[in-house]
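Nothing here was measured: the structure is a model prediction, and the numbers come from that model. All residue numbers refer to positions in the sequence shown, counting from 1.
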Amino acid sequence: MEVSVSGTAIVILLALILVALIVLIVVLLRRRSGTAAPPAPAAPRDPFAAEDQVAGDPRTLKAGDMVEYLGTRYFIRGSLRLKEGGYTWSEHLLDADTIEGTKVWISVEEDPDLEVVWWTEHDIGDLRPGERTVVVDGVEYRREEHGTADYTSEGTTGVGVQGRVEYVDYEGPRGRYLSFEQYGGGQWEAGLGERVPTGSMTIYPGSGG
């Protein structure tokens, strides 16, 4: 028996195929538009930037703030703001009750990178700052800088409200320092310093911060 296909059936078949193609194209376009773009690469950054040095900005330290270093907390009793020419830095005297009254302080400077140093008072004994090299506790320090700066004092620092200080700085190996200071022509004082390692100090602003 011979079967014939009418022209109407062919038109319907072609229409169904066309609709199916349109649906497929729409689905593919929606999938493509819904695909999330790959995340942009992170911008390059300085691994030694200030925010990585400590929890908090040491450049804002002031009397009344608290710092935690190597598991111990200290209050800042007072601050010295020093200036020599166009160069400025700060020194912050800490409450030292936990270490038998030994004077400890933090220095903060940018030269040009931010550097935070933890200082501990050292009995000067027969030491004098005139030598090119000085040996303390078996560590050799080489003289790096000598100058005179103006300072202003905030809170309790043990010196006047303002004045001048002469200093002689020495540098040793592996982030160690030796510094001599003489305020207002008085006696020389000495301190041993160690650079504060990344992430080892946390700052808690005081109530006035």
Please walk me through it: do F180 and I124 pass side chain to side chain contact (heavy atoms under 4.5 Å, CB included)?
CA-CA 9 Å; F180 294 87; I124 193 171; 4.0 Å; yes
Using the side chain to side chain contact (heavy atoms under 4.5 Å, CB included) rule, take D57 and I203 through it: C-alpha gap first, then chi angles, then the decisive distance, then the call.
CA-CA 7 Å; D57 189 349; I203 297 170; 5.8 Å; no
So H92 and W105, side chain to side chain contact (heavy atoms under 4.5 Å, CB included) or not? Walk me through it.
CA-CA 5 Å; H92 307 280; W105 67 97; 5.7 Å; no
Test side chain to side chain contact (heavy atoms under 4.5 Å, CB included) on T88 and L82 and set out the steps.
CA-CA 6 Å; T88 62; L82 301 109; over 6 Å; no
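Annotation: side chain of V108 is in contact with side chain of R59 (closest heavy-atom distance under 4.5 Å). A 4.5 Å side-chain heavy-atom check between W118 and I106 finds at least one atom pair inside the cut-off. V116 has its side chain out of reach of Y69: every pair of non-hydrogen atoms, C-beta onward, lies at least 4.5 Å apart.
Annotation for E144: atom CD counts as buried by contact number, over 12 foreign heavy atoms lying within 6.0 Å.
Sorted by first and then second residue, the salt bridge (charged side-chain N to carboxylate O under 4.0 Å, His left out) pairs involving residues 184-200 (not counting sequence neighbours) are K103-E189, E115-R195.
A salt bridge is defined here as a Lys NZ or Arg NE, NH1 or NH2 lying under 4.0 Å from an Asp or Glu carboxylate O, and E140 with R142 meets this definition. Salt bridge E154/K62: absent, no basic N to carboxylate O contact under 4.0 Å.
Checking side-chain atoms of Y170 against main-chain N and O of P129 turns up a donor-acceptor pair under 3.5 Å. With hydrogens and angles disregarded, a donor-acceptor distance shorter than 3.5 Å links the side chain of D65 to the backbone of G206. The closest donor-acceptor contact from the side chain of Q182 to the backbone of G186 lies under 3.5 Å.
Side chain to side chain, W89 and S107 fail the donor-acceptor criterion of an N or O pair below 3.5 Å. In this model, no donor atom of one side chain and acceptor atom of the other lie less than 3.5 Å apart for Y151 and E91.
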